[in-house]
Visitor: 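Mind having a look at this structure? Questions to follow.
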Amino acid sequence: MSTTTHTPGRLEATLRAQRDAGKKCLVPYITGGLGDDWLASLAAVIDGGADACEIGIPFSDPVMDGPIIQQANDIALESGVTPESIAADLRGFESPIPLAFMTYYNIAYRMGHERFAKMLNDCGVSGSILPDIPMDESDEWIATADENGVENILFAAPTSPDERLARTGVRARGFVYAVGLLGITGERQSLAESATKIAARTKNHTDLPVLVGVGIGSPEQAVEACSQADGVIIGSTVVRRLVEGQGAGAVRELIASYREALDTAFPG
Amino acid sequence: MTMTDPGPTGRFGEFGGRFVPETLVPACIELEKAFYDAWADPEFRQELDTLLKDYAGRPSALTDCPRLSEELGFTLVLKREDLNHTGSHKINNVLGQALLAKRMGKTRLVAETGAGQHGVATATAAALLGMECLVYMGEVDMKRQELNVFRMKLLGAEVTPAMSGSRTLKDAVNEAMRDWVATVEESHYCLGSVMGPHPYPYMVREFHRVIGSEAREQINERHGRDPDVVTACVGGGSNAAGIFSGFVDTDAELVGVEPAGGAAVGDGIPGVVHGMLSYLKQDEWGQVLEAESISAGLDYPGVGPEHSHLAHIGRARYEQVTDAEVIEAFKLLPRTEGIIPALECAHALAWLSRDREALAGKLVLMNLSGRGDKDVNQMMEILEL
Ligand SMILES: Cc1ncc(COP(=O)(O)O)c(C=O)c1O
């Protein structure tokens, strides 16, 4: 296993502290700019007890996303949301928890690595999650991210051989995103067997927090995944409520239900 | 050196690469290894060549066009990929990939299709080799290429509409990639053009190299020299890459023809989507723009990375034609030579017709990538005969 030599950023430090306290990390995803009052959704996620939050910058062709997040992307894009408008909204928002932008690489590529990194710095976003640029293509982006103190999260997939997991463990910052199943984002009836397996395999190779995301749709599934993982990422189950217009109250309750389930199972 | 092996990074100059989710990286690496292995294996080459000959009907003919040549004022020669089994060049690539998939132990082929020609070819290969086949097709394209939807079903494939975005080729690619992410263990993604993550752009070009190799021999035999101009329509760019590869080391001018509504090289800037860094029509924030073309097979905002490279280094140039010009050009070949071209190829014809003066006296080789039967329904609504 590799131990990290870099200084943890805000995201990593927060998640490590949670783990070191014997607790589990809860990181919800919301789509940036989804509705004029999307900051109320972010506030609800925070109120509900999240440790960090992923904010999606909508992209026209989100190949890792299922129907719910695709729909949220489309709604936000149609209303004229841009990376810059999301950043501008966040500039007035003092988040008590660390944030990460989740988007697709072309958004960062088009803007330019330097400008993209500076935009994150400037609006108080700690991390970047870009699922379509694997570490093999990431040298330049990671160098710029490192220079600017942006924590670039990398993925571990059920298909990744150990050799790749080892390299991922060294190159990732913030946390390692362990993909829970073979597939795209969306809620599933039950937790895939691959979820705990990939979490355990990844943890053999890194001492960064390892969070399972993709395919987690209930607090019970979250607890199950955390038998191995340091935490979970929940996306579609949150965004579905927003797309359905259930509002911030429903999101707060949902996050609180995950928080309670995790804290009960892993009180620290 | 151009149009050779891009090496392990899969880069053509600065373009190409492998921009896919981690889940798919090992599959791309496995495919890359399997392709290199198979391509160096005489037995595999023999098996593919036999299929190309006895099943697909290769070599395809080279046809002189005396009447149209006279009308245009230059010597036009057609490479007849329309005469291949299933009616287009797509079968060259598909037979290669299907054999490779089988060799890799895959049982299912997933494909995207625009005009339906690649879907039909994939369904055909799946039937031939006893594999399962699922084809994603934009809902808009399923309507305008109804005939090909029926052909695919008849061949035993499942056709699933892509309902997102512009509901055309770009969205079908997204759906196929999403499928592949979920089924990567048993499925091979049978990508239909020289695009996507490494090794696809290289591999698909190699499977289509046969077009250029045959044409080089045929035209030299018949006309005693290499052509002055080699042209083909460009969607993702596979038929163009195939014919260009045979002439890239000659003095021939290489001209790709893009639809004005989907001119990635002409109007795009470098961007990353569908696994590759290439010219891409996108807005100031990097959102991919929807293409708009009369031809479902070219209705795509991106282009294969090797074409971006060929354009960048000035070895090939890329012209644009409008839908209106294409509709006019569609009528040329049937009337003068008794050949109904696919709407895609009518793009190359439209450019030839428009630029006839500049081409005067030259020897021009055009890749006739497919036949027009699939477009007849659509054209019946546009043309008054
Ligand atoms: C006859 C024909 N030509 C060309 C194309 C475009 O593909 P490419 O640019 O990869 O040759 C298609 C795609 O459907 C086609 O059917």
Side-chain angles (χ1 to χ4, degrees), chain A residues 57-67 70-71 73-74 77 80-86 103-112 116 130-138 154-161 163-165 168 176-179 181-186 192 194 198 214-215, chain B residues 8-11 14 16-30 162-166 170-187 196-198 268-278 280-290 301-302:
Chain A
I57 299 177
F59 179 56
S60 52
D61 296 84
V63 290
M64 262 305 282
D65 287 306
Q70 283 178 45
Q71 195 188 345
N73 264 276
D74 289 347
L77 285 175
V81 164
T82 67
E84 188 46 51
S85 76
I86 292 172
T103 188
Y104 287 81
Y105 178 55
N106 200 44
I107 299 289
Y109 182 80
R110 180 76 179 90
M111 195 177 269
F116 184 69
L130 306 170
D132 61 340
I133 176 166
M135 66 179 159
D136 322 60
E137 297 284 356
S138 289
L154 290 176
F155 288 78
T159 48
S160 310
E163 164 271 322
R164 289 184 66 80
L165 295 181
T168 302
V176 176
Y177 192 131
V179 182
L181 47 76
L182 288 181
I184 53 177
T185 59
S194 50
I198 185 60
V214 181
Chain B
T9 59
R11 296 279 177 149
E14 69 187 275
R18 180 181 283 153
F19 294 87
V20 289
E22 174 64 20
T23 306
L24 294 179
V25 173
C28 289
I29 294 173
E30 185 196 349
M163 306 293 287
S164 58
S166 51
K170 163 177 95 83
D171 312 288
V173 175
N174 287 337
E175 292 305 336
M177 289 192 74
R178 290 179 184 124
D179 183 306
W180 196 31
V181 168
T183 63
V184 59
E185 284 169 332
E186 68 275 14
S187 299
H198 182 54
I269 57 167
V272 175
V273 77
H274 296 156
M276 61 187 173
L277 169 58
S278 196
L280 175 68
K281 287 188 71 160
Q282 53 184 312
D283 73 8
E284 60 170 318
W285 297 107
Q287 307 294 353
V288 181
L289 296 173
E290 293 177 3

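The sequence lines fix the lettering, A, B, ..., with proteins before strands; numbering per chain opens at 1. In this text the structure is predicted, and so the values were computed from the model without any measurement. For the numbers below, each heavy atom of this structure counts, side chains included, while hydrogens, waters and symmetry mates do not.
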Visitor: Tell me, please, which residues at least two apart from B:Glu185 pass side chain to side chain contact (heavy atoms under 4.5 Å, CB included).
Guide: A:Leu182
Visitor: Could you check whether any side-chain N or O of A:Arg110 sits under 3.5 Å from a backbone N or O of B:Asp283, counting only pairs where one atom can act as donor and the other as acceptor?
Guide: yes
Visitor: Is a side-chain donor or acceptor of A:Asn106 paired with a backbone partner of B:Val273 at a separation under 3.5 angstrom?
Guide: no
Visitor: Can you tell me how far OG of B:Ser164 sits from CG of A:Asp65, rounded to the nearest 0.5 angstrom?
Guide: 11.5 Å
Visitor: For B:Pro270, is it the side chain, the backbone, both or neither that has a heavy atom under 4.5 Å from a heavy atom of chain A?
Guide: both
Visitor: Report yes if some heavy atom in the side chain of A:Arg164 is under 4.5 Å from a heavy atom in the side chain of B:Ile29; otherwise report no.
Guide: yes
Visitor: What distance do A:Asp136 atom CG and B:Thr9 atom OG1 have between them, rounded to the nearest 0.5 Å?
Guide: 11.0 Å
Visitor: Specify which of A:Leu181, A:Leu130, A:Leu77 makes the most heavy-atom pairs with chain B at under 4.5 Å.
Guide: A:Leu77
Visitor: Are any non-hydrogen side-chain atoms of B:Glu22 and A:Val179 less than 4.5 angstrom apart?
Guide: no
Visitor: Flag the one option from A:Asp74, A:Ile107, A:Ile133, A:Thr82 with the top tally of heavy-atom pairs under 4.5 Å to chain B.
Guide: A:Thr82
Visitor: Quick check on the interface: out of B:Leu289, B:Thr183, B:Val181, who has the most heavy-atom pairs with chain A under 4.5 Å?
Guide: B:Val181
Visitor: Compare all side-chain heavy atoms of B:Leu277 with those of A:Tyr109 and state whether any distance is below 4.5 angstrom.
Guide: yes
Visitor: Tell me every residue that passes side chain to side chain contact (heavy atoms under 4.5 Å, CB included) with A:Thr168, counting only those two or more places apart in sequence or in another chain.
Guide: A:Met135, A:Leu154, A:Val176
Visitor: Does any backbone or side-chain atom of B:Val25 lie under 4.5 Å from a heavy atom of chain A? Answer side chain, backbone, both or neither.
Guide: side chain
Visitor: Identify which part of B:Gln282 has an atom lying under 4.5 Å from any heavy atom of chain A, answering side chain, backbone, both or neither.
Guide: side chain
Visitor: Less than 4.5 Å apart, side chain to side chain, heavy atoms only: is that true for A:Gln70 and B:Arg178?
Guide: yes
Visitor: To the nearest 0.5 angstrom, please state how far the CH2 atom of B:Trp285 sits from the OG atom of A:Ser85.
Guide: 8.0 Å
Visitor: For a quick test of reading the model, state the closest non-hydrogen atom pair linking B:Gln287 to A:Pro58 and the distance between them.
Guide: NE2-O, 2.9 Å
Visitor: So what's closer than 4.5 Å to chain A heavy atoms on B:Pro26: side chain, backbone, both or neither?
Guide: side chain
Visitor: Please classify the contact of A:Glu84 with chain B as side chain, backbone, both or neither, using a heavy-atom distance under 4.5 Å.
Guide: both
Visitor: Kindly say whether A:Ala157 contributes a backbone atom to a donor-acceptor pair with the side chain of B:Thr23 at under 3.5 angstrom?
Guide: no
Visitor: Is B:Lys170 salt-bridged to A:Asp61, cutoff N-O under 4.0 Å?
Guide: yes
Visitor: Could you have a look at B:Met163, B:Met177, B:Arg18 and say which one has the most heavy-atom pairs with chain A under 4.5 angstrom?
Guide: B:Arg18
Visitor: With a 4.5 angstrom heavy-atom cut-off, which part of A:Phe59 approaches chain B: side chain, backbone, both or neither?
Guide: both
